[in-house]
A.B. asks: 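What follows is a structure written as structure tokens; I'll ask about it next.
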Amino acid sequence: MNETSSASGTSPSGAGDPADGSAAAPAPLPRELELARALVVLPDRGVDRLMPIIEVLVQEGLDVVAVELAEGGDPAGLFPLYSFRACLGAARVSSAVHARRAVDLGAAFALCPDPSDEALAVLRDGGVPAICEALTPSEVRAVWRRGVAAVEVTPADVLGERYLKALPAMVPEARLVAGVQEIRTGRRWLNEGAVAIDVTDPVLSRVLVSGDHASLRKRAAEAAQQLGRQRRR
């Protein structure tokens, strides 16, 4: 499931408008992300360790997952396994090499903390929407002008309730994803217009250390329920 058509079928409004000197319009966010309204990011710890975690997430309705493209790592085996059951993206895409890898893997989207201009160009040319990080209004505007599909506000909890209410109105042209520590905070961001939330921290917790997949299932199910997601078996 790696469609990159948005729910509306159009490019994000205001993104990459050549008339204002910004970059060319990016590929729109995957429809699956727009519908799920949540994503989870996994470090590249090998296919064998990640498969049980992805399986739990997909079964509990959290089926938009990004896997880090770590140096020397090879998550390629995950993409054919889950391409029809999940929306898989690439995370930690910063260089043109990473970007080409994301395109070659068929990533549905790319999370780019601090990408080079060349990396963004490769993603754009390959039809992979980029989501980059920022926090302050000026940072969000600067990132949005680089021609990305969305900006992840992270850590979104740190500036409190007043900020999550104020920021969307200050940068109405930008599509926002909120990286949160708590699902309830994420729901407030969604209510204020964020397109999705990054629920990695509250859902994964310490599963990569503990291997406790039963507890992971409980957290994933609770998150999915709060977000109105359906369980899948």
A.B. asks: Passes side-chain contact (heavy atoms from CB on, under 4.5 Å), Q59 versus R217? Steps please.
C.D. replies: CA-CA 9 Å; Q59 288 179 4; R217 186 177 297 280; 3.0 Å; yes

A.B. asks: Could you measure the distance from the CZ atom of R92 to the CG atom of D114? Nearest 0.5 Å is fine.
C.D. replies: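 Between atom CZ of R92 and atom CG of D114 there are 13.0 Å.
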
A.B. asks: Just by modelled atom types, is the V207 backbone N or O under 3.5 Å from a matching donor or acceptor in the S205 side chain?
C.D. replies: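 No, the answer is negative, given that no donor and acceptor are paired below the 3.5 Å cut-off.
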
A.B. asks: Do L120 and C132 come within less than 4.5 Å of each other through their side chains, counting heavy atoms only?
C.D. replies: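 Result yes, sub-4.5 Å side-chain heavy-atom pair found.
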
A.B. asks: Does the side chain of L176 come within less than 4.5 Å of P168's, by heavy atoms?
C.D. replies: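 SC-SC contact between P168 and L176 confirmed.
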
A.B. asks: Identify the two heavy atoms, one from S116 and one from S95, that lie closest to each other, and give their separation to 0.1 Å.
C.D. replies: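 Distance-wise, the nearest heavy atoms are OG-CA, 4.2 Å.
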
A.B. asks: Could you check whether any side-chain heavy atom of L123 comes within less than 4.5 Å of a side-chain heavy atom of C112, counting everything from C-beta outward?
C.D. replies: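 Result yes, sub-4.5 Å side-chain heavy-atom pair found.
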
A.B. asks: Let me know which of L42, L50, V41 forms a side chain to side chain contact (heavy atoms under 4.5 Å, CB included) with V65.
C.D. replies: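 It is L42, the one option of L42, L50, V41 that forms the side chain to side chain contact (heavy atoms under 4.5 Å, CB included) with V65.
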
A.B. asks: Do E133 and V151 make a side-chain contact, defined as non-hydrogen atoms from C-beta onward lying under 4.5 Å apart?
C.D. replies: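 Not touching, per the 4.5 Å side-chain cut-off.
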
A.B. asks: State whether the side chain of R37 and the backbone N or O of V195 hold a donor-acceptor pair below 3.5 Å, judged by distance alone.
C.D. replies: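 No: the side chain of R37 does not pair with the backbone of V195.
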
A.B. asks: Which distance, rounded to the nearest 0.5 Å, do you find between the CG of L62 and the CD1 of I53?
C.D. replies: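 Nearest 0.5 Å value for the CG-CD1 distance: 13.0 Å.
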
A.B. asks: Taking all heavy atoms of C87 and all of A108, pick out the closest pair and write down the distance.
C.D. replies: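 Closest approach of C87 to A108, heavy atoms only: SG-CB, 3.5 Å.
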
A.B. asks: Show the numbers, then the answer: is there a side-chain contact (heavy atoms from CB on, under 4.5 Å) between R175 and E34?
C.D. replies: CA-CA 11 Å; R175 310 201 80 197; E34 302 239 16; 2.7 Å; yes

A.B. asks: Got a salt bridge between R146 and D117, using NZ or NE/NH1/NH2 to carboxylate O under 4.0 Å?
C.D. replies: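 Salt bridge: yes.
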
A.B. asks: Measure the spacing between CG of L35 and CG of D63 and express it to the nearest 0.5 Å.
C.D. replies: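 Taking CG in L35 and CG in D63, the distance rounds to 9.5 Å.
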
A.B. asks: Could you tell me if the side chain of L78 sits less than 4.5 Å from the side chain of V67, heavy atoms only?
C.D. replies: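 They are in contact (side-chain heavy atoms under 4.5 Å apart), so the answer is yes.
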
A.B. asks: Rounded to the nearest 0.5 Å, what separation is found between the CG atom of L29 and the CZ atom of F109?
C.D. replies: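 Answer rounded to 0.5 Å: 9.0 Å.
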
A.B. asks: Measuring only between side-chain heavy atoms, which start at C-beta, is W144 closer than 4.5 Å to V171?
C.D. replies: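 Result no, sub-4.5 Å side-chain heavy-atom pair not found.
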
A.B. asks: For a quick test of reading the model, state the closest non-hydrogen atom pair linking L208 to P43 and the distance between them.
C.D. replies: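 The answer is CD1-CG, 3.2 Å.
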
A.B. asks: Do you know the tightest heavy-atom contact between D44 and P75?
C.D. replies: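 So the minimum-distance heavy-atom pair works out to OD2-CD, 3.8 Å.
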
A.B. asks: Between atom CG of L216 and atom CZ of R206, what is the distance when rounded to the nearest 0.5 Å?
C.D. replies: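 Here the interatomic distance stands at 14.0 Å.
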
A.B. asks: Run the side-chain contact (heavy atoms from CB on, under 4.5 Å) check on L69 and R101 step by step: do they pass?
C.D. replies: CA-CA 8 Å; L69 300 185; R101 183 69 173 141; 4.0 Å; yes

A.B. asks: Verify side chain to side chain donor-acceptor pair (under 3.5 Å) between E222 and Q226, making sure each step is shown before the conclusion.
C.D. replies: CA-CA 6 Å; E222 290 173 350; Q226 290 185 60; 5.8 Å; no

A.B. asks: Quick one: does V122's side chain get under 4.5 Å of V128's, heavy atoms only?
C.D. replies: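 Counting from C-beta outward, V122 and V128 never come under 4.5 Å.
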
A.B. asks: Check step by step if side-chain contact (heavy atoms from CB on, under 4.5 Å) holds for L167 and W189.
C.D. replies: CA-CA 10 Å; L167 181 64; W189 277 93; 4.0 Å; yes

A.B. asks: If hydrophobic clusters are built from ILVMFWY residues whose side chains come within less than 4.5 Å, do F79 and V40 share one?
C.D. replies: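 Yes, one cluster joins them.
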
A.B. asks: Between L164 and L159, is there a side-chain heavy-atom distance shorter than 4.5 Å?
C.D. replies: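 Result no, sub-4.5 Å side-chain heavy-atom pair not found.
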
A.B. asks: Report whether V97 and V103 are members of the same hydrophobic cluster (ILVMFWY, side-chain heavy atoms less than 4.5 Å apart, transitive linking).
C.D. replies: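 V97 and V103: separate clusters.
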
A.B. asks: Could you list the donor-acceptor pairs under 3.5 angstrom formed by side chains in residues 136-143, with sequence neighbours left out?
C.D. replies:
{"residue": "T136", "atom": "OG1", "partner": "S138", "partner atom": "OG", "Å": "3.2"}
{"residue": "T136", "atom": "OG1", "partner": "E139", "partner atom": "N", "Å": "3.2"}
{"residue": "E139", "atom": "OE1", "partner": "L135", "partner atom": "N", "Å": "2.9"}
{"residue": "E139", "atom": "OE1", "partner": "T136", "partner atom": "N", "Å": "3.0"}
{"residue": "R141", "atom": "NH2", "partner": "M170", "partner atom": "O", "Å": "3.2"}

A.B. asks: Salt bridge (Lys or Arg N to Asp or Glu O under 4.0 Å) with R187: which residues, sequence neighbours excluded?
C.D. replies: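 Here no residue qualifies.
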
A.B. asks: I would like to know whether E55 and R85 meet salt bridge (Lys or Arg N to Asp or Glu O under 4.0 Å); could you show each step before the answer?
C.D. replies: CA-CA 10 Å; E55 192 63 36; R85 298 183 58 214; 2.9 Å; yes

A.B. asks: Give every donor-acceptor pair under 3.5 Å between a side-chain atom in residues 177-185 and any protein atom, sequence neighbours left out.
C.D. replies:
{"residue": "Q181", "atom": "NE2", "partner": "D201", "partner atom": "OD2", "Å": "2.8"}
{"residue": "E182", "atom": "OE1", "partner": "R184", "partner atom": "NE", "Å": "2.8"}
{"residue": "E182", "atom": "OE1", "partner": "R184", "partner atom": "NH2", "Å": "3.4"}

A.B. asks: Looking at every non-hydrogen atom in both residues, tell me the closest pair between A27 and G127 and how far apart they are.
C.D. replies: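 Heavy-atom minimum between the residues: CB-O, 3.5 Å.
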
A.B. asks: Please round to the nearest 0.5 Å and tell me the distance separating atom CG of L39 and atom CG of D198.
C.D. replies: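 If we round to the nearest 0.5 Å, L39:CG and D198:CG are 4.5 Å apart.
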
A.B. asks: Could you tell me whether E118 and R100 have a side-chain N and a carboxylate O separated by less than 4.0 Å?
C.D. replies: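 Between R100 and E118 there is a salt bridge, with a charged N closer than 4.0 Å to a carboxylate O.
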
A.B. asks: Do V209 and V203 sit in the same hydrophobic cluster, where Ile, Leu, Val, Met, Phe, Trp and Tyr count as joined when their side-chain heavy atoms come under 4.5 Å apart?
C.D. replies: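 No, no single cluster joins them.
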
